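Note sheet for the following structure.
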2 protein chains.
Amino acid sequence: MKWSELSDNWCPVARTLSVVGDRWTLLILRDCYLGKSRFEEFAESSGMTRHILAERLKRLVEEGVLERRLYSSAPSRYDYVLTEKGEELRPALKVMKDWGKKYMPVRREAKA
Amino acid sequence: MKWSELSDNWCPVARTLSVVGDRWTLLILRDCYLGKSRFEEFAESSGMTRHILAERLKRLVEEGVLERRLYSSAPSRYDYVLTEKGEELRPALKVMKDWGKKYMPVRREAKA
DNA sequence: GTCATAAGTTCCAAAACAAAACGTAGGGGC
DNA sequence: GCCCCTACGTTTTGTTTTGGAACTTATGAC
């Protein structure tokens with residue numbers, strides 16, 4: 001089964017995952033909840049490639065989770081802000097944050 | 001950056017995602033919360049390939065999210081049950097379930 | 001003009017995935 | 001015994017996605 005087929009699954013969890021069900025997408029949301037909104041911020045913070053980042057942002061905008069907003073017109077620069085739809089996933093990330101703290105302690109020094 | 005490198009990330013969300021951060025893994029958890037425990041049940045319910053399923057189950061067991069349990073000794077058959085660690089992710093899936101119901105209505109009839 | 005900034009795009013090799021067949025170890029019918 | 005069934009996987013082959021790094025475009029600062 002493919003990704004795209006998940007969006008019409010009988011199960012609401014599966015449908016949700018068709019939008020946010022990969023690690024990079026969820027890391028973008030984490031950054032949004034931390035107040036980030038710019039392409040370069042996401043790229044640096046998460047360590048994902050610009051290639052993947054661009055693709056994921058596009059899908060999040062298409063799905064209405066983020067909104068692409070012009071924040072400078074010369075030169076044209078866009079950033080990404082959470083919609084209400086996007087905000088409502090915050091509790092899921094909160095659970096993951098608490099779970100990570102409890103069950104996945106850092107084993108060695110790490111960066112980014 | 002790769003998956004494996006995420007497990008020592010400074011961010012607890014990223015560390016959590018290093019274990020459950022792909023859609024198939026989260027669908028396995030969904031099935032567990034629905035009471036399923038067998039290989040064939042997961043395979044049929046989620047629509048993922050057996051190949052991927054076997055790999056994901058192995059990692060979930062290694063990470064202590066599921067426990068592989070012998071339920072028949074002749075022939076040897078194993079199934080997979082949630083540990084306390086696995087149980088504690090349930091609220092995250094609950095958020096995704098509610099979100100999916102609210103924001104991702106089914107557009108056409110779909111199976112499995 | 002030259003450098004820096006910021007949001008992407010393009011290219012190619014490497015890794016992950018999908019689909020389907022195969023393996024293994026019994027159990028049950030006959 | 002022999003054949004088919006169940007159930008947990010593994011293997012194989014070809015396609016898709018990802019990772020990494022360089023490149024583009026538009027503009028402001030020097």
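In what follows, chains are A, B, ... by sequence order, proteins preceding strands, each numbered from 1. Computed from a predicted structure; not experimentally measured.
- Scanning all heavy atoms of the two residues, the minimum distance from B:Thr83 to B:Leu66 falls at CG2-C, 3.9 Å.
- For the residue pair B:Ser45/B:Arg30, the side-chain donor-acceptor check at 3.5 Å is satisfied.
- By the 4.5 Å heavy-atom criterion applied to side chains, A:Arg15 and A:Ser7 are not counted as neighbours.
- Rounded to 10°, the helix from C:dG1-D:dC30 to C:dC30-D:dG1 has 0° between the axis fitted to its first five pairs and the one fitted to its last five.
- Annotation: side-chain contact (heavy atoms from CB on, under 4.5 Å) contacts of B:Arg59 (sequence neighbours excluded): B:Trp3, B:Asp22, B:Thr25, B:Glu55, B:Arg56, B:Glu62, B:Glu63.
- For A:Pro75, the side-chain contact (heavy atoms from CB on, under 4.5 Å) partners two or more places apart in sequence, or in a different chain, are A:Ser72, A:Arg77.
- Residues B:Phe39 and B:Leu57 have side chains in contact (heavy-atom distance under 4.5 Å, counting atoms from C-beta outward).
- Rounding to the nearest 0.5 Å places CZ of B:Phe42 at 15.5 Å from CD1 of B:Ile52.
- Within residues 25-34 of chain B, no residue has any heavy atom under 4.0 Å from DNA chain D.
- For the segment residues 75-82 of chain B, residues with any heavy atom less than 4.0 angstrom from an atom of DNA chain C are, sorted by number, B:Pro75, B:Arg77.
- Every ring-ring contact (aromatic ring centres under 6.0 Å, His included) that B:Tyr103 has, sequence neighbours left out, goes to B:Trp99.
- In terms of the side chain to side chain donor-acceptor pair (under 3.5 Å) criterion, A:Lys101 has no residue partners (sequence neighbours excluded).
- When the side chains of ILVMFWY residues are joined at heavy-atom separations under 4.5 Å, either directly or via intervening members, A:Tyr78 and A:Leu53 end up in two distinct hydrophobic clusters.
- Remark: B:Glu40 engages B:Arg50 in a side chain to side chain donor-acceptor pair (under 3.5 Å) (not counting sequence neighbours).
- Side chains of A:Arg38 and A:Tyr71: a donor on one and an acceptor on the other come within 3.5 Å.
- By the 4.5 Å heavy-atom criterion applied to side chains, B:Leu17 and A:Trp24 are not counted as neighbours.
- Non-hydrogen atoms lying under 4.0 Å from DNA chain D are contributed by B:Arg68, B:Tyr71, all within residues 57-74 of chain B.
- Residues forming a side chain to side chain donor-acceptor pair (under 3.5 Å) with B:Ser18 (at least two apart in sequence, or on another chain): none.
- Looking at heavy atoms from C-beta onward, B:Ser37 lies in side-chain contact with B:Glu41 at the 4.5 angstrom threshold.
- Scanning DNA chain C 5' to 3' for nucleotides with an atom closer than 4.0 angstrom to a non-hydrogen atom of chain A gives a first and last hit of C:dT5 to C:dA19.
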Interface polar pairs with nucleotides 16-22 of chain D, N/O, under 3.5 angstrom:
unit_1	atom_1	unit_2	atom_2	d
D:dT18	OP1	A:Arg56	NH2	2.8
D:dG19	OP1	A:Arg23	NH2	3.2
D:dG19	OP1	B:Met1	O	3.4
D:dG19	OP2	A:Trp24	NE1	3.1
D:dG20	OP2	B:Met1	N	2.3

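- Cluster membership check: A:Val13 does not share its hydrophobic cluster with A:Val95, using side-chain heavy-atom separations under 4.5 Å among Ile, Leu, Val, Met, Phe, Trp and Tyr.
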Could you walk me through whether A:Leu70 and A:Asp79 pass side chain to side chain contact (heavy atoms under 4.5 Å, CB included), step by step?
CA-CA 7 Å; A:Leu70 186 74; A:Asp79 67 357; over 6 Å; no
